[in-house]
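See structure below.
Quantities reported herein were computed from a predicted structural model and do not represent experimental measurements.
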Amino acid sequence: MRTTALLDYLAGLAANNNKAWFEEHRTEYNALRQEFSMLVGEMIARLAAVDPMVEHLQPPDCLFRINRDMRFSREKIPYKTQFSAAICPQGRSSNMPAYYFQINAEGELMAAGGMFAPDTAQVATVRRFILAQPNRLDALLANPALAAMGGIRGESLKRAPANIPADAPHIETLQRKQYLTGEAVDIRSLEPSSVGDWIVDRFTGMAPFVQWLRDALGPPAGEP
């Protein structure tokens with residue numbers, strides 16, 4: 001896609017985050033949105049080679065709206081200043097393990113994976129899985145591709161969870177309240193033709209982590 005054009009558009013939106021400017025530049029937005037949608041479609045197709053669970057998805061299943069939800073926000077600005085998508089078999093807003101990427105107004109391209117906001121029951125389920133199958137987490141953490149992205153990250157409790165000893169194996173992961181990994185790069189350092197390759201390389205590296213989370217949680221309600 002035309003990364004320079006996208007960054008110019010997002011920078012303009014960041015400086016003029018209002019409906020009048022957005023409508024004045026809607027034609028430009030629509031064209032860039034279509035290009036980004038094509039990139040999302042390419043990412044789904046290429047990721048499906050290592051994670052067949054995503055192969056049924058289409059770009060509209062994954063694309064996030066540019067409009068912000070201002071109902072509970074102190075910042076009354078109407079538009080996001082990034083293009084973003086989440087590739088998840090259950091849908092982008094399902095709260096299940098997902099692959100995510102975005103390009104923001106500062107020129108950052110980020111590829112991430114995992115669970116950004118697991119609920120209390122999901123966190124408890126993952127912790128039980130870690131305690132029951134510590135060897136699975138050993139193998140995951142030994143994965144060089146995951147290690148290159150910084151391993152498993154995310155917000156953590158300040159101390160061990162209730163009923164788990166502070167010296168339990170994998171205590172750092174047991175304390176997590178989020179399960180995330182990923183990497184970011186200045187998109188201007190990449191050739192436009194290599195942006196997809198960069199994202200797919202990171203998604204491929206984090207695929208075992210996403211599958212580990214799926215195995216920990218089990219299938220969503222209603223799925224076999």
Side-chain angles (χ1 to χ4, degrees), residues 43 47 50-54 62 64 72 82 84-104 106 108-187 189 197-221 223:
M43 296 303 94
L47 178 58
V50 294
D51 186 348
M53 287 189 68
V54 307
C62 305
F64 285 104
F72 308 108
Q82 75 269 358
S84 57
I87 302 175
C88 175
Q90 295 80 27
R92 62 182 176 273
S93 301
S94 66
N95 208 35
M96 293 296 289
Y99 305 88
Y100 173 87
F101 75 100
Q102 70 170 33
I103 302 168
N104 69 17
E106 289 73 41
E108 181 186 76
L109 167 62
M110 180 176 68
M115 300 179 71
F116 180 76
D119 61 34
T120 302
Q122 288 173 322
V123 171
T125 300
V126 173
R127 287 174 181 160
R128 287 194 294 270
F129 186 75
I130 293 169
L131 293 170
Q133 299 196 44
N135 59 315
R136 287 285 306 274
L137 185 52
D138 286 332
L140 181 66
L141 295 175
N143 183 317
L146 184 66
M149 291 184 282
I152 300 173
R153 305 197 300 274
E155 292 185 4
S156 295
L157 299 172
K158 293 183 179 179
R159 54 182 61 88
N163 303 317
I164 296 178
D167 60 351
H170 300 304
I171 189 61
E172 182 175 300
T173 308
L174 288 163
Q175 288 177 224
R176 296 286 181 205
K177 297 187 291 181
Q178 298 173 304
Y179 306 101
L180 302 170
T181 195
E183 191 173 344
V185 68
D186 189 326
I187 198 170
S189 69
D197 293 337
W198 188 92
I199 298 169
V200 168
D201 284 348
R202 274 71 197 168
F203 282 177
T204 300
M206 66 182 69
F209 169 57
V210 172
Q211 186 59 53
W212 176 82
L213 284 169
R214 290 177 186 152
D215 292 345
L217 295 172
E223 291 190 11

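- Rounded to the nearest 0.5 angstrom, L213 CG and T181 OG1 are separated by 10.5 Å.
- Between the CZ atom of R214 and the SG atom of C88 there is a distance of 7.5 Å, given to the nearest 0.5 Å.
- Using bins of under 30°, 30° to 60° and over 60° for the plane-to-plane angle, the ring pair Y99/F203 lands in the tilted bin.
- Of all heavy-atom pairs spanning I171 and A166, the tightest one is CG1-O, 3.6 Å.
- Atoms CZ and CD, from F101 and Q82 in turn, are 12.0 Å apart once rounded to the nearest 0.5 Å.
- Residues meeting the salt bridge (charged side-chain N to carboxylate O under 4.0 Å, His left out) test with R128, sequence neighbours left out: none.
- Around atom CD of E172, no more than 12 heavy atoms belonging to other residues, nucleotides or ligands sit under 6.0 Å away.
- Atom CE in M149 sits 12.0 Å away from atom CG in L180 (nearest 0.5 Å).
- Side-chain atoms of L109 and I199, non-hydrogen and from C-beta on, do get closer than 4.5 Å to each other.
- Between H170 and I152, the closest side-chain pair of non-hydrogen atoms is not below 4.5 Å.
- The two residues L217 and P97 make their nearest non-hydrogen contact at CD1-CD, 3.8 Å.
- Between the side chain of Q122 and the main chain of N95, a donor-acceptor pair closer than 3.5 Å is present.
- Dense packing is recorded around CZ of F64, with more than 12 heavy atoms of other residues, nucleotides or ligands lying under 6.0 Å away.
- Taking all atoms of both residues into account, the shortest heavy-atom contact from A145 to G205 is CB-CA, 3.7 Å.
- For the pair P118 and V126, the minimum side-chain heavy-atom distance is 4.5 Å or more.
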So V210 and M53, side-chain contact (heavy atoms from CB on, under 4.5 Å) or not? Walk me through it. CA-CA 11 Å; V210 172; M53 287 189 68; over 6 Å; no
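- Side-chain contact between S156 and K177 is absent, with no heavy-atom pair separated by less than 4.5 Å.
- More than 12 heavy atoms of other residues, nucleotides or ligands lie within 6.0 Å of CG in N135, so this atom counts as buried by the packing criterion.
- Judged by distance alone, the side chain of R127 and the main-chain N or O of L174 form a donor-acceptor pair under 3.5 Å.
- When all heavy atoms of F116 and Q178 are compared, the pair lying nearest together is O-NE2, 2.8 Å.
- Taken to the nearest 0.5 Å, the CD atom of Q211 stands 11.0 Å off from the CG atom of L140.
- What you find for A160 and I164 is that their closest heavy atoms are CB-O, 3.3 Å.
- Scanning both residues, S84 and Y100, for their nearest heavy atoms gives CB-OH, 3.3 Å.
- The backbone N or O of L157 lies less than 3.5 Å from a partner atom in the side chain of Q175, making a donor-acceptor pair.
- Once rounded to the nearest 0.5 Å, the distance linking CD1 of I187 with CH2 of W198 reads 9.0 Å.
- Listed by first and then second residue, the salt bridge (charged side-chain N to carboxylate O under 4.0 Å, His left out) pairs that reach into residues 135-162 are R136-D215, sequence neighbours excluded.
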Could you walk me through whether W212 and L137 satisfy the side-chain contact (heavy atoms from CB on, under 4.5 Å) test, starting with their C-alpha distance in whole Å, then the side-chain angles of each, then the deciding distance to 0.1 Å, before giving a yes or no? CA-CA 8 Å; W212 176 82; L137 185 52; 3.9 Å; yes
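- By the 4.5 Å heavy-atom criterion applied to side chains, V200 and V50 are not counted as neighbours.
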